[in-house]
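Note that this is a predicted model, so its numbers are computed, not measured. In the text below, chain A, chain B and the rest are named by the order of the sequence lines, each starting its count at 1.
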Number of protein chains: 2
Amino acid sequence: MPETDWTDRHVARWRSHWVDIHFDDEVEAVVTRISRLQRFLKGTIQTAVAEVGIQDFEYATLHSLMIRDTPGTASPTDLAEDLGVSGAGMTGRLDGLEKAGWVQRNPSPDDRRRVVVEITRSGAEIWRKAMALRGAQEEELVAVLSDRERAQLSRLLKKLTLWTEAPREVQ
Amino acid sequence: MPETDWTDRHVARWRSHWVDIHFDDEVEAVVTRISRLQRFLKGTIQTAVAEVGIQDFEYATLHSLMIRDTPGTASPTDLAEDLGVSGAGMTGRLDGLEKAGWVQRNPSPDDRRRVVVEITRSGAEIWRKAMALRGAQEEELVAVLSDRERAQLSRLLKKLTLWTEAPREVQ
DNA sequence: CGACATTACTTCGCTGGCGAAGTATTCGTC
DNA sequence: GACGAATACTTCGCCAGCGAAGTAATGTCG
């Protein structure tokens, strides 16, 4: 008897209760598993950042600062867009990060409307620590797949992301 | 030249900037793509529920009520656990849903501490409408894969979810 | 050059959600 | 069967984030 995961049980339940609603098992399974994996990953980040004494949204902001083309520096607007938060929300985040000494806000020399956010030494340090913990947990997860499977999964996921990222026609 | 997605560019950027940090490209790619797909799916739900005039967390609560073994009825605690919100948060959500007439709170006959949440006719109706819109968009996404690829992806994802759901040893 | 639109942030009022404390009920056990 | 622990919610005070309005600087174009 093959092992079942939460999603298998979910789909079976659905099948028996909602026979009248149009519903593709395989689609629902893929979508549900992606959601559940993301929930798990969110949990790993949560424990990783808690360990170094930082909050998840603070880590996310530092992370976004570090993974860009100009590592460690960006405008509040860029960060807000990357992280999917509003401008107002980013102002609040930066207030907190600045008070904690993890970033610094400087006026832009070219454009006096602009602000340049820069990560500090201690900000980069705490980010690295959280990164390491988080990375280790992610590797543990993906380690259940062989190299071949990992590449296969990556390829299939990329087919989906390419579609989501493609500019959509406006009807 | 093969097409690149956001994740490819992210990994390449990482490679060039952070050569000193331990980092597995394939792991990062898988994890990042899952996150980005989830973000996309969250967006599709957002537009679907907006169309029927309901908020995402309201939809999620109704959904959780409907997909369980006893469709349409549950305790606040069950719902809170399923949805990953606190008890206090669930009280707030139910207050809103009840005021909108989509659920009803009744005292449990067996245990006077308990509350039985039940979906109303209009609650079930609005849930179905949102479901249909959401389902259509998800099918559109997964349709970029062939049947064979879809099954393959589902199988690989299941390998991961099984691991995440397995009871972990306490060290 | 000057008026109007646009851009880049910040402030403000409000809302969803959290953890802790509170209330009521039921369970366990001596 | 009485008393302390556990369970099931709700209330309370607080915080992150949102949209809208506000402020200041820069573009645009007649």
Side-chain angles (χ1 to χ4, degrees), chain A residues 38-39 42-43 45-47 49-50 53-65 68 70 73-100 102-118 130, chain B residues 38-39 42-43 45-47 49-50 53-65 68 70 73-100 102-118 130:
Chain A
Q38 176 57 23
R39 191 194 267 207
K42 204 177 153 190
I45 293 182
Q46 208 73 41
T47 64
V49 301
I54 189 174
Q55 281 175 284
D56 52 359
F57 60 88
E58 295 172 323
Y59 167 76
T61 311
L62 295 180
H63 192 64
S64 173
L65 254 173
R68 59 204 321 111
T70 55
T73 139
S75 76
T77 305
D78 291 344
L79 291 170
E81 274 168 13
D82 265 30
L83 293 164
V85 305
S86 69
M90 188 47 64
T91 297
R93 285 193 182 189
L94 293 174
D95 287 349
L97 289 171
E98 201 168 29
K99 206 186 297 183
W102 292 322
V103 305
Q104 220 180 306
R105 268 190 272 212
N106 295 314
S108 162
D110 328 322
D111 186 334
R112 286 185 1 216
R113 291 169 304 181
R114 280 202 169 87
V115 167
V116 176
V117 180
E118 219 161 335
Chain B
Q38 176 57 23
R39 192 194 266 206
K42 206 177 152 190
I45 294 182
Q46 208 74 40
T47 63
V49 301
I54 189 174
Q55 280 174 285
D56 53 359
F57 60 88
E58 295 172 323
Y59 167 76
T61 311
L62 296 179
H63 192 63
S64 174
L65 254 173
R68 57 205 322 113
T70 53
T73 138
S75 77
T77 305
D78 291 344
L79 291 171
E81 276 169 11
D82 264 31
L83 293 163
V85 305
S86 69
M90 188 46 64
T91 297
R93 286 193 182 189
L94 293 174
D95 286 350
L97 289 171
E98 202 168 29
K99 205 186 296 183
W102 292 322
V103 305
Q104 218 179 308
R105 269 191 272 213
N106 296 313
S108 161
D110 328 321
D111 186 334
R112 289 188 352 217
R113 293 169 303 180
R114 281 202 169 88
V115 166
V116 177
V117 180
E118 219 160 338

Kindly write out the residues that satisfy side chain to side chain contact (heavy atoms under 4.5 Å, CB included) with [X], not counting sequence neighbours, or none if the list is empty.
X: B/Gln46; answer: B/Asp56
X: A/Arg68; answer: A/Ser64, A/Thr70, A/Ala74, A/Asp78, A/Leu79, A/Asp82
X: B/Ala88; answer: B/Ser86
X: B/Thr73; answer: B/Val116, B/Glu118

Residues at least two apart in sequence or cross-chain that pass side-chain hydrogen bond (donor to acceptor under 3.5 Å, both in side chains) with B/Glu58, listed by chain then number, are none

Contacts of A/Ser108 meeting side-chain hydrogen bond (donor to acceptor under 3.5 Å, both in side chains) (sequence neighbours excluded), chain-then-number -> none

Interatomic distance, [X] [atom1] vs [N] [atom2] [rounded to whole Å]:
X: B/Asp78; N: D/dT7; atom1: CG; atom2: P; value: 14 Å
X: B/Leu83; N: C/dC18; atom1: CG; atom2: P; value: 10 Å
X: A/Glu81; N: C/dT7; atom1: CD; atom2: C1'; value: 12 Å
X: A/Gln46; N: D/dA16; atom1: CD; atom2: P; value: 13 Å
X: A/Gln55; N: C/dG19; atom1: CD; atom2: P; value: 11 Å
X: A/Asp56; N: C/dC18; atom1: CG; atom2: C1'; value: 12 Å
X: A/Glu58; N: D/dG17; atom1: CD; atom2: C1'; value: 14 Å

Discussion item. For C/dC9 and A/Thr77 - does any side-chain N or O of the residue sit under 4.0 Å from the phosphate oxygens OP1/OP2?
Written reply: yes

Next on the checklist: So, does A/Arg93 get its side chain near the phosphate of D/dA16, meaning an N or O under 4.0 Å from OP1 or OP2?
Outcome noted: no

Would you indicate what B/Ser75 reaches in the nucleic acid, counting non-hydrogen atoms under 4.0 angstrom: base, sugar-phosphate, or nothing? sugar-phosphate

Could you list the donor-acceptor pairs under 3.5 angstrom formed between side-chain atoms of residues 91-100 of chain B and any protein atom two or more places apart in sequence or on another chain?
residue: B/Thr91; atom: OG1; partner: B/Gly87; partner atom: O; Å: 3.2
residue: B/Arg93; atom: NH1; partner: B/Phe57; partner atom: O; Å: 3.4
residue: B/Arg93; atom: NH1; partner: B/Thr61; partner atom: OG1; Å: 3.1
residue: B/Asp95; atom: OD1; partner: B/Arg105; partner atom: NH2; Å: 2.3
residue: B/Glu98; atom: OE1; partner: B/Arg105; partner atom: NE; Å: 3.2
residue: B/Glu98; atom: OE1; partner: B/Arg105; partner atom: NH2; Å: 3.4
residue: B/Glu98; atom: OE2; partner: B/Arg105; partner atom: N; Å: 3.0

Can you tell if the side chain of B/Ser75 reaches within under 4.5 Å of the side chain of B/Val117, non-hydrogen atoms only? no

*With side chains defined as the heavy atoms from C-beta onward, is the minimum distance between A/Met90 and A/Leu83 less than 4.5 Å?*
yes

Terminal axes of the helix from C/dC1-D/dG30 to C/dC30-D/dG1 (5 end pairs apiece), angle rounded to 10 degrees, sit apart by 20°

Can you check nucleotides 21-26 of chain D for protein contacts, nitrogen or oxygen pairs under 3.5 Å, and list what you find?
residue: D/dT26; atom: OP1; partner: A/Arg112; partner atom: N; Å: 3.3

All heavy atoms of B/Ile54 vs all of B/Tyr59, minimum pair found to be CD1-N, 4.0 Å

(message) Using the rule given for side-chain contact (heavy atoms from CB on, under 4.5 Å), can you reason through B/Arg114 versus B/Asp110, listing the C-alpha separation, both sets of side-chain angles and the distance that settles it, and then say yes or no?
(response) CA-CA 8 Å; B/Arg114 281 202 169 88; B/Asp110 328 321; over 6 Å; no

Among the nucleotides D/dC18, C/dC18, D/dC9, whichever has the atom closest to the side chain of A/Val85 is D/dC18

Check nucleotides 10-12 of chain D against the protein and report each pair of N or O atoms closer than 3.5 Å, with its distance, or say if there are none.
residue: D/dT10; atom: OP1; partner: B/Arg105; partner atom: NH1; Å: 3.1
residue: D/dT10; atom: OP2; partner: B/Thr91; partner atom: OG1; Å: 2.9
residue: D/dT10; atom: OP2; partner: B/Arg105; partner atom: NH1; Å: 3.3

